[in-house]
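Accompanying notes for the structure given below.
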Amino acid sequence: MADDKLTPQSENFSEWYNQLVLKSELADYAPVRGCMVVRPYGWTLWENMQAGLDRRFKETGHVNAAFPTLIPMSFFEKEKDHVEGFSPELAVVTHGGGNELEEKLAFRPTSETIIGYMYSKWIQSWRDLPVLINQWGSVLRWELRTRLFLRTAEFYWQEGHTAHATSDEAMEETYKMLDVYADFAINDCAIPVIKGRKSETERFAGAQMTTGIEAMMGDTKALQSGTSHYFGQNFAKAFDIDFLNKENELEHCYTTSWGLSTRMIGALIMVHGDDQGLIIPPKIAPFQVVIVPIFRKDEEREKVMPIVDKVFAELKEAGIRVKVDDRDQVSPGFKFNDWEMRGVPLRMDIGPKDVEKGSVALARRDLPGRDGKSFVSQDGLPAVVTEMLETIQASLLEKATAFRDANIHEPKDYDELKEVVKKGWALSWWCESAECEAKVKEDTKATTRVIPLDQPEDEGKCIVCGEKAEKKVYFAKAY
RNA sequence: CGGGGCGUAGCGCAGUUCGGUCAGCGCACCGCGUUUGGGACGCGGGGGUCGGCGGUUCAAAUCCGCCCGCCCCGACCA
């Protein structure tokens with residue numbers, strides 16, 4: 001419950017974030033280091049995100065399944081890069097039923113290996129392809145430094161794993177799912193993201209190509225909030241995922257994987273939140289509208305509550321996620337602050353004056369103070385509210401996009417780049433060498449985030465070394 | 001894993017320097033009453049092995065040792 005004010009963003013952005021996650025009851029610290037408990041308000045938000053993604057997965061031909069959380073340790077030795085990438089962060093089960101296990105079992109840090117193993121059993125012929133499976137679940141990585149939602153040891157996500165007959169088709173799948181993520185982020189979460197390819201050093205362990213959507217947080221740091229990988233035949237070779245083609249020749253499949261996690265909640269908080277608290281876009285908000293009834297005496301209550309009930313029923317009937325805050329023990333003023341902190345996009349106050357005038361008071365979360373307030377008739381509320389929710393959704397995206405664009409710079413030279421990444425992103429020509437990338441990181445702490453898919457026609461000179469560069473890349477400090 | 005900070009009621013803290021009414025405060029919680037259009041108030045209550053274990057002492061939240069946990073800052077990462 002809200003009792004006092006949040007640390008302002010400008011004072012300490014990290015502190016603001018931590019306090020807000022706890023106070024808004026999205027999540028709490030678990031008794032195990034690095035683990036979180038996602039509380040009902042946070043989980044409802046996640047469910048709404050899941051719904052938006054799952055619908056898109058189904059529309060693009062995918063089906064859901066569930067694979068086990070425990071994976072034989074030997075599986076991690078089959079793909080060299082994958083081992084190197086994940087070994088350090090594995091949690092390993094050594095005992096079961098009171099006895100030491102003959103083969104140790106890893107809690108999945110991601111499921112490429114076990115799914116690859118299963119695919120090798122299921123796939124025989126080109127007729128079996130493509131395999132387009134997604135699973136919703138959690139994974140565990142022994143992270144050194146954790147933060148609620150942004151990096152926890154265990155986190156919830158979905159991981160899609162697909163197998164294809166051709167490289168082109170697998171590549172197409174990789175980009176298709178990147179598009180799905182971008183569409184979801186932009187249209188459902190109102191988070192403007194940039195689609196792009198990751199550099200070699202930022203690539204997923206075992207992937208031939210990693211793509212991601214990158215978003216700018218309120219402190220201008222970057223956050224990768226969804227990622228899609230093309231594996232080529234790496235995992236197919238390691239796990240014998242083979243098929244007979246139409247010419248009766250044995251071939252390795254081409255595989256992909258793609259994932260989006262509860263980290264997206266962290267992104268949502270840091271993109272839209274302000275000093276009052278969360279601001280949740282209507283499309284995924286657990287509550288889109290909260291009605292605060294206002295009355296002093298029982299006689300006023302008796303006049304107000306029937307209207308509240310009527311409006312509630314109408315909005316609910318119209319498919320709007322609405323809640324009546326009927327808590328008796330706290331004042332309306334407290335409720336206003338409380339729901340603002342929790343990020344409910346639209347508040348509706350109904351009091352004696354409204355009953356008299358046949359009106360309700362609306363307050364938009366995205367426009368503080370007087371600017372966001374309006375008084376509208378009780379007639380035709382569902383339509384008015386629906387439209388206002390759409391307006392809020394659009395204006396959140398607009399605001400976030402404007403903020404991002406205002407903090408993306410195109411430095412003229414390396415000195416300017418070093419300045420610019422202190423408080424924003426730099427979009428610069430880059431020769432794609434690991435040396436130049438490392439130098440930037442060494443000098444500024446900023447890393448390459450993505451090589452955007454949208455590229456200029458021409459060529460340029462690498463901002464670091466001055467050599468020929470074919471691609472522009474975003475440099476930024478990242479979470 | 002290095003550096004820093006912290007652990008006393010559900011939350012936030014004081015008390016620890018210098019052992020002895022130090023088991024306390026604010027918020028939250030429970031009861032009653034008055035309140036309610038931007039974080040209400042009065043009165044009355046309940047609640048704590050002082051992170052754990054061991055040691056010193058007549059006496060330990062306080063001193064000593066070991067351990068555990070969490071947060072922050074760095075190196076690595078969805």
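Numbered from 1 within each chain, the chains take letters A, B, ... in sequence-line order.
- Residue order along RNA chain B, read from the 5' end via each residue's closest nucleotide, puts A:Lys335 first among A:Lys335 and A:Thr262.
- The same atom, P, is picked in B:C29 and in B:C68; the two are 37 Å apart, to the nearest Å.
- Stacking of A:Lys78 on the aromatic ring of A:Phe75 is recorded, both the 6.0 Å distance cut-off and the 45° axial limit being met.
- Taking all atoms of both residues into account, the shortest heavy-atom contact from A:Leu397 to A:Thr401 is O-OG1, 2.6 Å.
- Considering only the side chain of A:Gln224, B:A78 comes nearest among B:G37, B:G39, B:A78.
- Residue-level contact check: A:Glu15 touches neither bases nor backbone, having no heavy atom under 4.0 Å from any strand.
- Per the stacking criterion (ring centres < 5.5 Å, plane angle < 30°), A:Phe155 stacks onto the base of B:A78.
- Checked against B:G39, B:A78, B:C71, the side chain of A:Asn18 finds its nearest nucleotide in B:C71.
- Side-chain to base pairing of A:Ser331 with B:A40: no donor and acceptor N or O lie closer than 3.5 Å to each other.
- Atom name C1', nucleotides B:G5 and B:C30: the rounded distance is 36 Å, in whole Å.
- No engagement by A:Lys198 is indicated, since no non-hydrogen atom pair under 4.0 Å with the nucleic acid exists.
- Among the protein residues, A:Pro88 comes within range of no part of the nucleic acid, since none of its heavy atoms lies under 4.0 Å from any strand.
- No contact: A:Gly259 has no heavy atom under 4.0 Å from any strand.
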